[in-house]
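We use all heavy atoms of the structure for the numbers below, so side chains are in, but hydrogens, waters and symmetry mates are not. A quick note: this is a predicted structure, and the numbers were derived from the prediction, not measured. Numbered from 1 within each chain, the chains take letters A, B, ... in sequence-line order.
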2 protein chains.
Amino acid sequence: MTRPDDTAARAGIVAAADRLFYVRGIQNVGMDAVRAEAGSSLKRIYGLFPSKEDLVVAVLAHRTAIWWSGVERAAAGARTPRERLLSIFDFLDGWFREDDFRGCAFINSFGELGATSPRVVAAVREQKESVRAYVRDLVRREGLADDVALQVDLLVEGAQTTAAITRDGGVAAQARRAAAVLLDAAGVEADGPAEPGRGDR
Amino acid sequence: MTRPDDTAARAGIVAAADRLFYVRGIQNVGMDAVRAEAGSSLKRIYGLFPSKEDLVVAVLAHRTAIWWSGVERAAAGARTPRERLLSIFDFLDGWFREDDFRGCAFINSFGELGATSPRVVAAVREQKESVRAYVRDLVRREGLADDVALQVDLLVEGAQTTAAITRDGGVAAQARRAAAVLLDAAGVEADGPAEPGRGDR
DNA sequence: CACCAACGAGAACGACCGTTCTCCACCGAT
DNA sequence: ATCGGTGGAGAACGGTCGTTCTCGTTGGTG
């Protein structure tokens, strides 16, 4: 029963809702505001998304796609797992400097709806777990222990919340340096100084 | 015109609101629920707090006090700035393992109200800035550069959001190890290996 | 041209929330 | 004992929100 351009309409509504939710916070955006931003009608929206919660989950999925496309773009020039790993922070750097940067949408959603919406919690957990898996994979390819992956992931998360609250543009670069130190330190402990103390700047 | 037990009443209302806000999220708690939890009356509450936003700000101040008392308790046995620094993560460890741990109240509030309440934003920023200043002071006492302080702070923030989302009890210990590595690495670069590679476990 | 299904605009509905107001019971002072 | 004012319980008010419904229009089909 899906109309041909239903997927396009869904995408437009999700993008509109994403803009509003991210800037104003989910609970501060009524469905009528989504309708206006999407240039659609309430009937159409509720035909495609049974409830606001479904729309929120779809928006989070959209954010996940944005995240990975940004990560991949930043990793384009990386030639080693180590460079790929550190390029995450280059992606963050560009993102943090955007005018309307307002923190990680997943963390914000978790703070706002974590207590009331298990589906939102699941979506947030899934995203964060996939990031951790990505980092873990790259760390393993460097021959390092999983502990280092968790530590680098802490820097990724900490950079996002700190950048959101302080609005300091240098946070990502600082996190990148810290990650390089952690990787180097784990490297010398693991198998002796392969490329000792290069330290990335 | 302040009645003698106004301060006690304020404290009880703030504590009640804190419990509800933290567990359910601020916007999911009506003033009537606060009234019930505090065993007070709406008139009394609105006599002491002109609006819900004022109550939220007071709750955040209360959370700040809780934070610092926890940090100081954990730092009680610390004999060096370095130990004091790392004891922050011991405090976090105990906190993360509490049953009703639901992340950092400041980060959650920022995600929920950051877009609509400048006063909440200011309170959150103030708390995070004071934590950063505390870390910076201890790092300086170790003779290390301010950059290291920012990096350790990223671990503190990252540990809080990661622990909230994953509910993994080992996050604080992992962050502590990472912080020790960062301190050691900065130490050997700054003034040669004073106590090289002790590394705290 | 007549008809039916789908669609948009927006009203309507029920629930909830922040804030204020009403009313009554209580309590110390005269 | 009476009175004034204080505080509590809870109704009331205005607003918003998620969701559904009505209704008029349209555009394709016989």
When rounded to whole Å, the CD to C1' distance for the pair A:E53 and D:dC17 reads 16 Å
note: B:N28, atom CG; D:dT16, atom P; distance rounded to Å ~ 19 Å
Over all strands shown, is B:V34 touching base, sugar-phosphate only, or nothing at heavy-atom distances under 4.0 angstrom?
nothing
B:K43 or A:R35, whichever maps to the more 5' nucleotide of DNA chain C:
A:R35
Rounded interatomic separation in angstrom, taking OH from B:Y46 and P from D:dT6:
22 Å
Shortest side-chain distance from A:L42, nucleotide among D:dT20, D:dG7, C:dT19:
D:dT20
Rounding to an integer number of Å, can you tell me how far B:L48 CG sits from C:dT19 P?
14 Å
Which of the following nucleotides, C:dG8, D:dG18, D:dG7, is nearest to the side chain of A:R44?
C:dG8
Can you check salt bridge (charged side-chain N to carboxylate O under 4.0 Å, His left out) on A:R35 and A:D32, steps first, answer last?
CA-CA 5 Å; A:R35 176 203 57 79; A:D32 196 65; 2.9 Å; yes
Whole angstrom value for the distance that separates P of D:dG7 from CD1 of B:I13:
12 Å
I need the CD1-P distance between B:I45 and D:dG10, as an integer number of Å.
14 Å
Is there a donor in the side chain of A:D54 and an acceptor in the side chain of A:S51, or the other way round, less than 3.5 Å apart?
yes
From C:dG18, D:dT19, C:dA9, nucleotide with atom closest to A:S41 side chain
C:dA9
Please report, rounded to the nearest Å, how far the P atom of D:dA9 is from the CG atom of B:D32.
11 Å
Please classify the nucleic acid contact of A:K52 as base, sugar-phosphate, or nothing, using heavy-atom distances under 4.0 Å.
sugar-phosphate
Can you tell which of B:F89, B:F101, B:F91 makes a ring pair (Phe, Tyr, Trp, His ring centres under 6.0 Å) with B:F96?
B:F101
In whole Å, what is the span from the CD atom of B:Q27 to the P atom of D:dG18?
11 Å
Decide whether a cation-pi geometry holds between A:R63 and A:F21; the criteria are a distance under 6.0 Å from NZ or CZ to the six-membered ring centre and an angle within 45° of the ring axis.
no
Salt-bridge present (B:R84, B:E72; N to O < 4.0 Å)
no
